[in-house]
Number of protein chains: 2
Amino acid sequence: MSKLTALARHTSSAQEDYLKALYGLGAVEAAVPPSRLARELDVSPASVTDMLAKLAVLGLVTHDRAHGARLTPTGRGVALEMVRHHRLLEAYLVQALGYRWDEVHDEADRLEHCISEVLEQRMFQALGGPSFDPHGDPIPSTRGSLPREHDRCLLACKAGDRVRLSRVSDREPEKLRALRALGLELGTAFEVVGESRWEGPLELRLNQRLVQVPLGLARIAFVH
Amino acid sequence: MSKLTALARHTSSAQEDYLKALYGLGAVEAAVPPSRLARELDVSPASVTDMLAKLAVLGLVTHDRAHGARLTPTGRGVALEMVRHHRLLEAYLVQALGYRWDEVHDEADRLEHCISEVLEQRMFQALGGPSFDPHGDPIPSTRGSLPREHDRCLLACKAGDRVRLSRVSDREPEKLRALRALGLELGTAFEVVGESRWEGPLELRLNQRLVQVPLGLARIAFVH
DNA sequence: TAGCTAGCTTAGGCGTGCCTAAGACTTGGA
DNA sequence: TCCAAGTCTTAGGCACGCCTAAGCTAGCTA
(Lines give C-alpha, C1' and ligand atoms only; values in the text may rest on other atoms or scores of the structure.)
Protein backbone atom coordinates (compact mmCIF):
# COMPACT_ATOMS: atom_id res chain seq x y z
CA MET A 1 0.00 0.00 0.00
CA SER A 2 1.17 3.50 -0.78
CA LYS A 3 2.42 5.63 2.08
CA LEU A 4 0.47 8.62 0.84
CA THR A 5 -2.80 9.25 2.60
CA ALA A 6 -5.96 9.74 0.58
CA LEU A 7 -5.92 13.43 1.43
CA ALA A 8 -2.44 13.92 0.03
CA ARG A 9 -3.38 11.80 -2.96
CA HIS A 10 -6.42 14.02 -3.51
CA THR A 11 -8.83 11.23 -4.25
CA SER A 12 -12.33 12.67 -4.39
CA SER A 13 -15.17 11.71 -2.11
CA ALA A 14 -16.86 9.95 -4.98
CA GLN A 15 -13.74 7.99 -5.85
CA GLU A 16 -13.34 6.97 -2.23
CA ASP A 17 -16.94 5.80 -2.15
CA TYR A 18 -16.34 3.57 -5.17
CA LEU A 19 -13.18 2.11 -3.66
CA LYS A 20 -14.84 1.50 -0.33
CA ALA A 21 -17.79 -0.19 -2.01
CA LEU A 22 -15.45 -2.35 -4.08
CA TYR A 23 -13.66 -3.37 -0.94
CA GLY A 24 -16.93 -4.26 0.73
CA LEU A 25 -17.92 -6.35 -2.27
CA GLY A 26 -14.74 -8.39 -2.06
CA ALA A 27 -12.78 -6.80 -4.89
CA VAL A 28 -9.53 -7.71 -3.15
CA GLU A 29 -10.06 -11.42 -3.64
CA ALA A 30 -12.18 -11.53 -6.79
CA ALA A 31 -13.33 -9.25 -9.59
CA VAL A 32 -16.63 -7.44 -8.99
CA PRO A 33 -19.13 -6.96 -11.85
CA PRO A 34 -19.94 -3.30 -12.57
CA SER A 35 -23.65 -3.97 -12.24
CA ARG A 36 -23.10 -5.09 -8.66
CA LEU A 37 -21.26 -1.89 -7.89
CA ALA A 38 -23.95 0.21 -9.57
CA ARG A 39 -26.60 -1.38 -7.37
CA GLU A 40 -24.49 -0.92 -4.25
CA LEU A 41 -23.86 2.77 -4.88
CA ASP A 42 -27.27 3.46 -6.41
CA VAL A 43 -25.86 4.92 -9.60
CA SER A 44 -26.30 3.95 -13.24
CA PRO A 45 -24.06 1.32 -14.87
CA ALA A 46 -22.79 4.06 -17.19
CA SER A 47 -21.51 6.04 -14.24
CA VAL A 48 -19.67 2.98 -13.00
CA THR A 49 -17.98 2.52 -16.36
CA ASP A 50 -16.84 6.15 -16.28
CA MET A 51 -15.51 6.02 -12.78
CA LEU A 52 -13.76 2.67 -13.15
CA ALA A 53 -11.91 4.08 -16.15
CA LYS A 54 -10.73 7.02 -14.05
CA LEU A 55 -9.73 4.83 -11.14
CA ALA A 56 -7.83 2.55 -13.51
CA VAL A 57 -5.87 5.51 -14.86
CA LEU A 58 -5.01 6.44 -11.27
CA GLY A 59 -3.79 2.89 -10.70
CA LEU A 60 -6.37 2.20 -8.03
CA VAL A 61 -8.30 -0.58 -9.79
CA THR A 62 -7.79 -2.99 -12.64
CA HIS A 63 -10.71 -3.54 -14.86
CA ASP A 64 -11.46 -5.78 -17.78
CA ARG A 65 -14.74 -6.51 -19.34
CA ALA A 66 -14.53 -10.26 -18.98
CA HIS A 67 -14.24 -10.27 -15.21
CA GLY A 68 -15.01 -6.89 -13.69
CA ALA A 69 -13.12 -4.63 -11.34
CA ARG A 70 -10.45 -5.48 -8.77
CA LEU A 71 -8.61 -3.25 -6.35
CA THR A 72 -4.89 -2.79 -6.85
CA PRO A 73 -2.78 -2.80 -3.68
CA THR A 74 -2.89 1.00 -3.71
CA GLY A 75 -6.64 1.02 -4.23
CA ARG A 76 -7.05 -1.42 -1.38
CA GLY A 77 -5.01 0.95 0.75
CA VAL A 78 -7.32 3.87 0.05
CA ALA A 79 -10.40 1.73 0.62
CA LEU A 80 -9.06 0.47 3.93
CA GLU A 81 -8.26 4.00 4.97
CA MET A 82 -11.91 4.93 4.42
CA VAL A 83 -13.09 1.83 6.28
CA ARG A 84 -10.75 2.70 9.15
CA HIS A 85 -12.01 6.28 9.23
CA HIS A 86 -15.61 5.12 9.13
CA ARG A 87 -15.36 2.57 11.91
CA LEU A 88 -13.17 4.73 14.10
CA LEU A 89 -15.63 7.60 13.73
CA GLU A 90 -18.50 5.31 14.66
CA ALA A 91 -16.63 4.14 17.72
CA TYR A 92 -15.73 7.69 18.69
CA LEU A 93 -19.25 9.03 18.27
CA VAL A 94 -20.63 6.28 20.48
CA GLN A 95 -17.97 6.21 23.17
CA ALA A 96 -17.03 9.88 23.39
CA LEU A 97 -20.21 11.64 22.37
CA GLY A 98 -23.00 9.38 23.51
CA TYR A 99 -24.42 8.37 20.14
CA ARG A 100 -26.45 5.18 19.91
CA TRP A 101 -25.35 2.46 17.49
CA ASP A 102 -28.20 3.27 15.11
CA GLU A 103 -27.25 6.95 14.80
CA VAL A 104 -23.66 6.80 13.65
CA HIS A 105 -23.61 5.39 10.14
CA ASP A 106 -24.66 8.44 8.13
CA GLU A 107 -22.56 10.81 10.19
CA ALA A 108 -19.49 8.62 9.70
CA ASP A 109 -20.20 8.29 5.98
CA ARG A 110 -19.92 12.05 5.60
CA LEU A 111 -17.00 12.61 7.93
CA GLU A 112 -14.82 9.73 6.75
CA HIS A 113 -13.80 11.70 3.66
CA CYS A 114 -12.62 14.83 5.40
CA ILE A 115 -10.78 13.91 8.57
CA SER A 116 -7.01 14.28 8.63
CA GLU A 117 -4.56 11.64 9.72
CA VAL A 118 -3.95 13.71 12.80
CA LEU A 119 -7.61 13.64 13.80
CA GLU A 120 -7.76 9.94 13.05
CA GLN A 121 -4.86 9.36 15.40
CA ARG A 122 -6.22 11.57 18.16
CA MET A 123 -9.53 9.73 18.13
CA PHE A 124 -7.74 6.41 18.11
CA GLN A 125 -5.69 7.42 21.14
CA ALA A 126 -8.67 8.95 22.94
CA LEU A 127 -10.42 5.59 22.69
CA GLY A 128 -7.39 3.65 23.84
CA GLY A 129 -6.77 1.96 20.52
CA PRO A 130 -10.08 0.22 19.87
CA SER A 131 -10.20 -2.93 17.73
CA PHE A 132 -13.91 -2.93 16.92
CA ASP A 133 -16.58 -0.42 16.06
CA PRO A 134 -19.99 -0.29 17.80
CA HIS A 135 -21.42 -2.84 15.36
CA GLY A 136 -18.64 -5.36 16.00
CA ASP A 137 -16.79 -4.66 12.75
CA PRO A 138 -13.01 -4.74 13.11
CA ILE A 139 -11.13 -1.46 12.72
CA PRO A 140 -8.28 -1.93 10.24
CA SER A 141 -4.83 -0.96 11.47
CA THR A 142 -2.93 1.85 9.78
CA ARG A 143 -0.93 -0.80 8.02
CA GLY A 144 -4.13 -2.19 6.62
CA SER A 145 -4.39 -5.49 8.43
CA LEU A 146 -7.70 -6.79 9.67
CA PRO A 147 -8.32 -9.38 12.36
CA ARG A 148 -9.96 -12.43 10.85
CA GLU A 149 -13.61 -12.81 11.75
CA HIS A 150 -14.87 -16.18 12.93
CA ASP A 151 -18.51 -15.38 13.46
CA ARG A 152 -21.45 -16.82 11.59
CA CYS A 153 -24.86 -15.50 10.69
CA LEU A 154 -27.59 -15.93 13.26
CA LEU A 155 -29.69 -17.47 10.51
CA ALA A 156 -27.24 -20.37 10.29
CA CYS A 157 -27.58 -21.28 13.95
CA LYS A 158 -29.19 -24.52 15.04
CA ALA A 159 -31.59 -25.05 17.93
CA GLY A 160 -29.61 -25.51 21.09
CA ASP A 161 -26.69 -23.27 20.06
CA ARG A 162 -25.51 -21.03 22.88
CA VAL A 163 -23.87 -17.96 21.39
CA ARG A 164 -23.18 -14.25 21.80
CA LEU A 165 -24.02 -11.42 19.42
CA SER A 166 -20.69 -10.41 17.86
CA ARG A 167 -21.54 -8.23 14.89
CA VAL A 168 -24.42 -6.50 13.09
CA SER A 169 -24.73 -4.67 9.81
CA ASP A 170 -24.62 -0.92 10.35
CA ARG A 171 -26.68 -0.02 7.31
CA GLU A 172 -30.25 0.04 8.54
CA PRO A 173 -30.84 2.12 11.67
CA GLU A 174 -34.38 0.84 12.09
CA LYS A 175 -33.22 -2.73 12.30
CA LEU A 176 -30.57 -1.75 14.81
CA ARG A 177 -33.18 -0.10 16.97
CA ALA A 178 -35.37 -3.18 16.68
CA LEU A 179 -32.54 -5.48 17.75
CA ARG A 180 -31.80 -3.31 20.75
CA ALA A 181 -35.50 -3.27 21.61
CA LEU A 182 -35.44 -7.08 21.65
CA GLY A 183 -32.60 -6.91 24.16
CA LEU A 184 -29.85 -7.76 21.69
CA GLU A 185 -26.62 -5.79 22.04
CA LEU A 186 -23.05 -6.69 21.19
CA GLY A 187 -21.93 -9.40 23.58
CA THR A 188 -25.44 -10.38 24.62
CA ALA A 189 -25.51 -14.14 25.31
CA PHE A 190 -28.49 -16.24 24.32
CA GLU A 191 -29.61 -19.69 23.28
CA VAL A 192 -31.23 -20.47 19.99
CA VAL A 193 -34.43 -22.26 20.90
CA GLY A 194 -36.12 -22.50 17.56
CA GLU A 195 -34.73 -22.20 14.07
CA SER A 196 -36.60 -20.34 11.38
CA ARG A 197 -39.24 -22.50 9.67
CA TRP A 198 -41.15 -21.47 6.58
CA GLU A 199 -39.50 -18.09 6.83
CA GLY A 200 -40.92 -17.54 10.26
CA PRO A 201 -39.00 -15.93 13.10
CA LEU A 202 -36.19 -17.57 15.05
CA GLU A 203 -36.80 -18.04 18.72
CA LEU A 204 -34.14 -17.25 21.30
CA ARG A 205 -33.90 -17.56 25.05
CA LEU A 206 -32.28 -14.45 26.45
CA ASN A 207 -32.23 -13.67 30.18
CA GLN A 208 -34.97 -16.25 30.84
CA ARG A 209 -37.12 -14.51 28.22
CA LEU A 210 -38.26 -16.05 24.96
CA VAL A 211 -37.68 -13.67 22.08
CA GLN A 212 -38.88 -13.87 18.47
CA VAL A 213 -36.42 -12.58 15.89
CA PRO A 214 -37.83 -11.88 12.41
CA LEU A 215 -35.84 -13.18 9.47
CA GLY A 216 -34.85 -9.69 8.36
CA LEU A 217 -33.22 -9.04 11.70
CA ALA A 218 -31.55 -12.44 11.96
CA ARG A 219 -30.00 -11.90 8.57
CA ILE A 220 -27.99 -8.85 9.71
CA ALA A 221 -26.89 -10.40 13.01
CA PHE A 222 -23.74 -12.47 13.52
CA VAL A 223 -22.70 -14.55 16.47
CA HIS A 224 -19.93 -16.64 17.88
CA MET B 1 -33.36 33.30 10.03
CA SER B 2 -34.82 30.19 8.52
CA LYS B 3 -35.39 27.23 10.78
CA LEU B 4 -34.01 24.85 8.20
CA THR B 5 -30.41 23.79 8.76
CA ALA B 6 -27.90 24.11 5.94
CA LEU B 7 -27.89 20.33 5.58
CA ALA B 8 -31.62 20.18 5.05
CA ARG B 9 -31.43 23.19 2.75
CA HIS B 10 -28.71 21.36 0.78
CA THR B 11 -26.46 24.35 0.32
CA SER B 12 -23.19 23.20 -1.18
CA SER B 13 -19.81 23.49 0.47
CA ALA B 14 -18.83 26.18 -2.01
CA GLN B 15 -21.99 28.16 -1.36
CA GLU B 16 -21.41 27.95 2.35
CA ASP B 17 -17.85 29.20 1.88
CA TYR B 18 -19.11 32.25 0.02
CA LEU B 19 -21.71 32.99 2.66
CA LYS B 20 -19.22 32.58 5.48
CA ALA B 21 -16.72 34.84 3.72
CA LEU B 22 -19.41 37.46 3.14
CA TYR B 23 -20.30 37.34 6.79
CA GLY B 24 -16.66 37.76 7.75
CA LEU B 25 -16.39 40.76 5.45
CA GLY B 26 -19.30 42.47 7.10
CA ALA B 27 -22.00 41.81 4.51
CA VAL B 28 -24.64 41.97 7.23
CA GLU B 29 -24.11 45.68 7.86
CA ALA B 30 -22.86 46.89 4.47
CA ALA B 31 -22.58 45.67 0.90
CA VAL B 32 -19.33 43.89 0.01
CA PRO B 33 -17.66 44.46 -3.39
CA PRO B 34 -17.23 41.26 -5.44
CA SER B 35 -13.52 41.95 -5.88
CA ARG B 36 -13.08 41.82 -2.12
CA LEU B 37 -14.82 38.47 -1.99
CA ALA B 38 -12.75 37.15 -4.87
CA ARG B 39 -9.55 38.05 -3.04
CA GLU B 40 -10.82 36.52 0.18
CA LEU B 41 -11.76 33.22 -1.43
CA ASP B 42 -8.89 33.18 -3.91
CA VAL B 43 -11.14 32.78 -6.94
CA SER B 44 -11.60 34.91 -10.03
CA PRO B 45 -14.07 37.82 -10.08
CA ALA B 46 -16.00 35.97 -12.76
CA SER B 47 -16.57 33.07 -10.39
CA VAL B 48 -17.89 35.46 -7.80
CA THR B 49 -20.36 36.93 -10.27
CA ASP B 50 -21.60 33.43 -11.10
CA MET B 51 -21.97 32.38 -7.51
CA LEU B 52 -23.61 35.57 -6.32
CA ALA B 53 -26.23 35.13 -9.03
CA LYS B 54 -26.95 31.62 -7.75
CA LEU B 55 -27.08 32.71 -4.13
CA ALA B 56 -29.41 35.55 -5.07
CA VAL B 57 -31.79 33.10 -6.75
CA LEU B 58 -31.74 31.04 -3.56
CA GLY B 59 -32.62 34.14 -1.58
CA LEU B 60 -29.40 34.06 0.42
CA VAL B 61 -27.88 37.32 -0.79
CA THR B 62 -29.00 40.50 -2.49
CA HIS B 63 -26.73 41.87 -5.09
CA ASP B 64 -26.64 44.96 -7.21
CA ARG B 65 -23.83 46.30 -9.24
CA ALA B 66 -23.78 49.71 -7.66
CA HIS B 67 -23.10 48.49 -4.15
CA GLY B 68 -22.11 44.84 -4.04
CA ALA B 69 -23.45 41.86 -2.14
CA ARG B 70 -25.30 41.73 1.17
CA LEU B 71 -26.57 38.76 3.13
CA THR B 72 -30.30 38.32 3.49
CA PRO B 73 -31.52 37.21 6.92
CA THR B 74 -31.60 33.64 5.63
CA GLY B 75 -28.11 33.94 4.18
CA ARG B 76 -26.86 35.33 7.45
CA GLY B 77 -28.39 32.33 9.16
CA VAL B 78 -26.49 29.88 6.99
CA ALA B 79 -23.27 31.87 7.41
CA LEU B 80 -23.65 31.93 11.16
CA GLU B 81 -24.32 28.22 11.18
CA MET B 82 -20.97 27.68 9.46
CA VAL B 83 -19.21 30.06 11.83
CA ARG B 84 -20.76 28.22 14.76
CA HIS B 85 -19.68 24.86 13.37
CA HIS B 86 -16.19 26.15 12.72
CA ARG B 87 -15.60 27.65 16.13
CA LEU B 88 -17.24 24.82 17.99
CA LEU B 89 -15.08 22.32 16.11
CA GLU B 90 -11.97 24.32 16.94
CA ALA B 91 -12.93 24.37 20.59
CA TYR B 92 -13.69 20.67 20.57
CA LEU B 93 -10.46 19.68 18.86
CA VAL B 94 -8.43 21.64 21.40
CA GLN B 95 -10.31 20.73 24.54
CA ALA B 96 -11.32 17.16 23.83
CA LEU B 97 -8.58 15.95 21.51
CA GLY B 98 -5.50 17.85 22.55
CA TYR B 99 -4.94 19.93 19.43
CA ARG B 100 -2.89 23.11 19.69
CA TRP B 101 -4.48 26.42 18.66
CA ASP B 102 -2.41 26.55 15.49
CA GLU B 103 -3.56 23.11 14.28
CA VAL B 104 -7.32 23.46 14.21
CA HIS B 105 -8.22 25.91 11.47
CA ASP B 106 -7.86 23.72 8.39
CA GLU B 107 -9.45 20.72 10.07
CA ALA B 108 -12.44 22.83 11.11
CA ASP B 109 -12.71 24.35 7.64
CA ARG B 110 -13.23 20.92 6.16
CA LEU B 111 -15.48 19.50 8.86
CA GLU B 112 -17.77 22.51 9.29
CA HIS B 113 -19.64 21.59 6.10
CA CYS B 114 -20.47 18.02 6.98
CA ILE B 115 -21.38 17.80 10.64
CA SER B 116 -25.02 17.25 11.57
CA GLU B 117 -26.97 19.32 14.03
CA VAL B 118 -26.85 16.32 16.33
CA LEU B 119 -23.06 16.24 16.32
CA GLU B 120 -22.95 19.99 16.79
CA GLN B 121 -25.13 19.67 19.87
CA ARG B 122 -23.19 16.75 21.31
CA MET B 123 -19.92 18.64 21.02
CA PHE B 124 -21.51 21.72 22.54
CA GLN B 125 -22.74 19.68 25.50
CA ALA B 126 -19.46 17.80 25.88
CA LEU B 127 -17.70 21.14 26.27
CA GLY B 128 -20.24 22.47 28.72
CA GLY B 129 -21.63 25.10 26.40
CA PRO B 130 -18.53 27.11 25.51
CA SER B 131 -18.83 30.78 24.53
CA PHE B 132 -15.47 31.20 22.83
CA ASP B 133 -13.20 29.22 20.55
CA PRO B 134 -9.47 28.69 21.22
CA HIS B 135 -8.63 31.96 19.45
CA GLY B 136 -11.02 34.00 21.53
CA ASP B 137 -13.69 34.30 18.86
CA PRO B 138 -17.23 34.08 20.17
CA ILE B 139 -19.29 31.02 19.26
CA PRO B 140 -22.67 32.13 17.88
CA SER B 141 -25.72 30.66 19.57
CA THR B 142 -28.12 28.46 17.66
CA ARG B 143 -30.40 31.45 17.40
CA GLY B 144 -27.62 33.37 15.73
CA SER B 145 -26.74 35.92 18.37
CA LEU B 146 -23.17 36.90 19.08
CA PRO B 147 -21.75 38.53 22.19
CA ARG B 148 -20.44 41.96 21.35
CA GLU B 149 -16.66 42.19 21.37
CA HIS B 150 -15.01 45.05 23.21
CA ASP B 151 -11.39 44.30 22.49
CA ARG B 152 -8.99 46.41 20.48
CA CYS B 153 -5.99 45.58 18.34
CA LEU B 154 -2.67 45.30 20.12
CA LEU B 155 -1.31 47.75 17.57
CA ALA B 156 -3.60 50.45 18.93
CA CYS B 157 -2.25 50.15 22.48
CA LYS B 158 -0.29 52.94 24.10
CA ALA B 159 2.80 52.60 26.25
CA GLY B 160 1.72 51.96 29.81
CA ASP B 161 -1.44 50.03 28.90
CA ARG B 162 -1.97 46.94 31.06
CA VAL B 163 -4.05 44.43 29.13
CA ARG B 164 -4.78 40.77 28.49
CA LEU B 165 -4.70 38.87 25.20
CA SER B 166 -8.36 38.29 24.32
CA ARG B 167 -8.41 37.22 20.70
CA VAL B 168 -6.17 36.28 17.76
CA SER B 169 -6.81 35.61 14.09
CA ASP B 170 -6.92 31.87 13.43
CA ARG B 171 -5.78 32.10 9.84
CA GLU B 172 -2.00 31.79 10.00
CA PRO B 173 -0.72 28.86 12.04
CA GLU B 174 2.88 30.10 11.91
CA LYS B 175 1.97 33.37 13.55
CA LEU B 176 0.01 31.51 16.20
CA ARG B 177 3.04 29.37 16.98
CA ALA B 178 5.20 32.48 17.12
CA LEU B 179 2.83 34.18 19.57
CA ARG B 180 2.82 31.15 21.80
CA ALA B 181 6.60 30.98 21.61
CA LEU B 182 6.70 34.58 22.89
CA GLY B 183 4.62 33.50 25.86
CA LEU B 184 1.37 34.96 24.61
CA GLU B 185 -1.74 32.85 25.12
CA LEU B 186 -5.39 33.80 25.55
CA GLY B 187 -5.71 35.55 28.89
CA THR B 188 -2.02 36.32 29.25
CA ALA B 189 -1.61 39.65 31.05
CA PHE B 190 1.11 42.09 30.07
CA GLU B 191 2.05 45.74 29.96
CA VAL B 192 2.79 47.60 26.77
CA VAL B 193 6.20 49.16 27.36
CA GLY B 194 6.97 50.57 23.95
CA GLU B 195 4.68 51.32 21.02
CA SER B 196 5.73 50.52 17.48
CA ARG B 197 7.91 53.22 15.96
CA TRP B 198 8.93 53.34 12.31
CA GLU B 199 7.23 49.97 11.88
CA GLY B 200 9.49 48.42 14.44
CA PRO B 201 8.29 45.86 17.01
CA LEU B 202 6.16 46.66 20.05
CA GLU B 203 7.74 45.97 23.38
CA LEU B 204 5.82 44.25 26.15
CA ARG B 205 6.58 43.35 29.74
CA LEU B 206 5.25 39.89 30.43
CA ASN B 207 6.11 37.97 33.61
CA GLN B 208 9.03 40.33 34.31
CA ARG B 209 10.36 39.61 30.83
CA LEU B 210 10.67 42.15 28.04
CA VAL B 211 9.27 40.78 24.82
CA GLN B 212 9.51 42.20 21.29
CA VAL B 213 6.40 41.69 19.15
CA PRO B 214 6.82 42.19 15.39
CA LEU B 215 4.18 44.29 13.66
CA GLY B 216 2.81 41.29 11.76
CA LEU B 217 2.05 39.52 15.02
CA ALA B 218 0.67 42.60 16.80
CA ARG B 219 -1.74 43.09 13.93
CA ILE B 220 -3.50 39.76 14.49
CA ALA B 221 -3.65 40.10 18.29
CA PHE B 222 -6.46 41.76 20.23
CA VAL B 223 -6.60 42.73 23.86
CA HIS B 224 -8.84 44.14 26.53
C1' DT C 1 -26.00 -22.60 -35.25
C1' DA C 2 -28.91 -18.60 -34.82
C1' DG C 3 -30.99 -15.56 -32.06
C1' DC C 4 -32.16 -13.47 -27.83
C1' DT C 5 -31.08 -11.35 -23.53
C1' DA C 6 -28.41 -9.47 -19.90
C1' DG C 7 -24.71 -6.70 -19.11
C1' DC C 8 -21.36 -3.34 -20.37
C1' DT C 9 -19.83 0.64 -22.97
C1' DT C 10 -20.25 4.70 -25.89
C1' DA C 11 -22.34 9.00 -27.04
C1' DG C 12 -24.32 12.99 -25.77
C1' DG C 13 -26.10 15.95 -22.22
C1' DC C 14 -26.74 18.40 -17.62
C1' DG C 15 -25.54 21.02 -13.21
C1' DT C 16 -21.81 22.75 -10.40
C1' DG C 17 -17.85 25.47 -9.76
C1' DC C 18 -14.10 27.05 -11.59
C1' DC C 19 -11.22 29.44 -15.39
C1' DT C 20 -9.57 33.10 -19.21
C1' DA C 21 -10.57 36.63 -22.45
C1' DA C 22 -13.14 40.22 -23.87
C1' DG C 23 -16.68 43.72 -23.36
C1' DA C 24 -19.16 47.33 -20.44
C1' DC C 25 -19.60 50.51 -16.87
C1' DT C 26 -17.71 54.03 -13.48
C1' DT C 27 -14.94 57.01 -11.67
C1' DG C 28 -11.17 60.09 -11.20
C1' DG C 29 -7.56 62.71 -13.20
C1' DA C 30 -5.55 65.43 -16.93
C1' DT D 1 -14.61 67.16 -21.20
C1' DC D 2 -12.71 63.07 -22.25
C1' DC D 3 -9.59 59.40 -21.54
C1' DA D 4 -7.57 55.74 -18.57
C1' DA D 5 -7.78 52.54 -15.03
C1' DG D 6 -10.14 49.70 -12.27
C1' DT D 7 -14.19 46.90 -11.52
C1' DC D 8 -17.83 43.99 -12.84
C1' DT D 9 -20.20 41.02 -16.18
C1' DT D 10 -20.66 38.17 -20.26
C1' DA D 11 -19.18 34.52 -23.20
C1' DG D 12 -17.14 30.39 -23.87
C1' DG D 13 -14.70 26.44 -22.02
C1' DC D 14 -13.09 22.65 -18.81
C1' DA D 15 -13.22 18.81 -15.20
C1' DC D 16 -16.16 16.25 -12.36
C1' DG D 17 -19.89 13.16 -11.46
C1' DC D 18 -24.01 11.99 -12.74
C1' DC D 19 -27.84 10.81 -16.25
C1' DT D 20 -30.54 8.46 -20.53
C1' DA D 21 -30.51 6.27 -24.86
C1' DA D 22 -28.47 3.56 -28.04
C1' DG D 23 -25.05 0.18 -29.51
C1' DC D 24 -22.10 -3.69 -28.76
C1' DT D 25 -20.75 -8.41 -26.84
C1' DA D 26 -21.09 -12.66 -25.02
C1' DG D 27 -23.23 -16.43 -23.45
C1' DC D 28 -27.30 -19.25 -23.13
C1' DT D 29 -31.16 -21.51 -25.22
C1' DA D 30 -33.91 -23.21 -28.84
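Below, chain A is the first sequence line, B the second, and so on; all start at residue 1.
Proximity note for A:Tyr18 (side chain, C-beta onward) versus D:dG17, D:dC18, C:dC18: the nearest is D:dC18.
OP1 or OP2 of C:dG17 sits under 4.0 Å from a side-chain N or O of B:Ser12. Between B:Gln15 and C:dG17, a side-chain N or O to OP1/OP2 separation shorter than 4.0 Å is present. Of the side-chain N and O atoms in B:Ser47, none sit less than 4.0 angstrom from OP1 or OP2 of C:dG17.
Between the CD atom of B:Glu16 and the C1' atom of C:dG17 there is a distance of 14 Å, rounded to whole Å. The distance from atom CG of A:Asp17 to atom P of D:dC16 is 17 Å, rounded to the nearest whole Å. Between A:His10 atom NE2 and D:dG17 atom P there is a gap of 11 Å when expressed in whole angstrom units. Nucleotide C:dG17 holds its C1' atom 14 Å from the CG atom of B:Leu58, rounded to whole Å. As a whole-Å value, the separation of B:Met51 CE from C:dC19 C1' is 14 Å. The distance from atom CG of A:Leu55 to atom P of D:dC18 is 11 Å, rounded to the nearest whole Å. In this structure, B:Asp42 places its CG atom 11 Å from P of C:dC18, rounding to the nearest Å. Across the protein-nucleic acid pair, A:Leu41 atom CG and D:dG17 atom P stand 13 Å apart, rounded to whole Å.
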Donor-acceptor contacts, no H, no angles, side chain residues 47-56 of chain B, under 3.5 Å, sequence neighbours left out:
{"unit_1": "B:Ser47", "atom_1": "OG", "unit_2": "B:Ser44", "atom_2": "OG", "d": "3.0"}
{"unit_1": "B:Thr49", "atom_1": "OG1", "unit_2": "B:Pro45", "atom_2": "O", "d": "3.2"}

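Looking at heavy atoms from C-beta onward, B:Met82 lies out of side-chain contact with B:Tyr23 at the 4.5 angstrom threshold. Side-chain atoms of A:Pro134 and A:Leu186, non-hydrogen and from C-beta on, never get closer than 4.5 Å to each other.
Between the OG atom of B:Ser116 and the CZ atom of A:Arg110 there is a distance of 5.5 Å, given to the nearest 0.5 Å.
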Give me, pair by pair, the N or O atoms of the protein and of nucleotides 6-9 of chain D that are less than 3.5 Å apart, along with how far apart they are.
{"unit_1": "D:dC8", "atom_1": "OP2", "unit_2": "B:Ser35", "atom_2": "N", "d": "2.9"}
{"unit_1": "D:dC8", "atom_1": "OP2", "unit_2": "B:Ser35", "atom_2": "OG", "d": "2.8"}
{"unit_1": "D:dC8", "atom_1": "O2", "unit_2": "B:Arg65", "atom_2": "NH2", "d": "3.3"}
{"unit_1": "D:dT9", "atom_1": "OP1", "unit_2": "B:His63", "atom_2": "NE2", "d": "3.2"}
{"unit_1": "D:dT9", "atom_1": "OP2", "unit_2": "B:Thr49", "atom_2": "OG1", "d": "2.7"}

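Under 3.5 Å, the side chain of A:Asp50 and the base of D:dC16 form no donor-acceptor pair of N or O atoms.
By the 4.0 Å N-to-carboxylate-O rule, A:Glu103 lies too far from A:Arg180 to be salt-bridged with it.
A:Gln125 CD: more than 12 foreign heavy atoms inside a 6.0 Å radius.
Residue B:His86 forms a ring pair (Phe, Tyr, Trp, His ring centres under 6.0 Å) with just one option from B:His113, B:His135, B:His105, and that option is B:His105.
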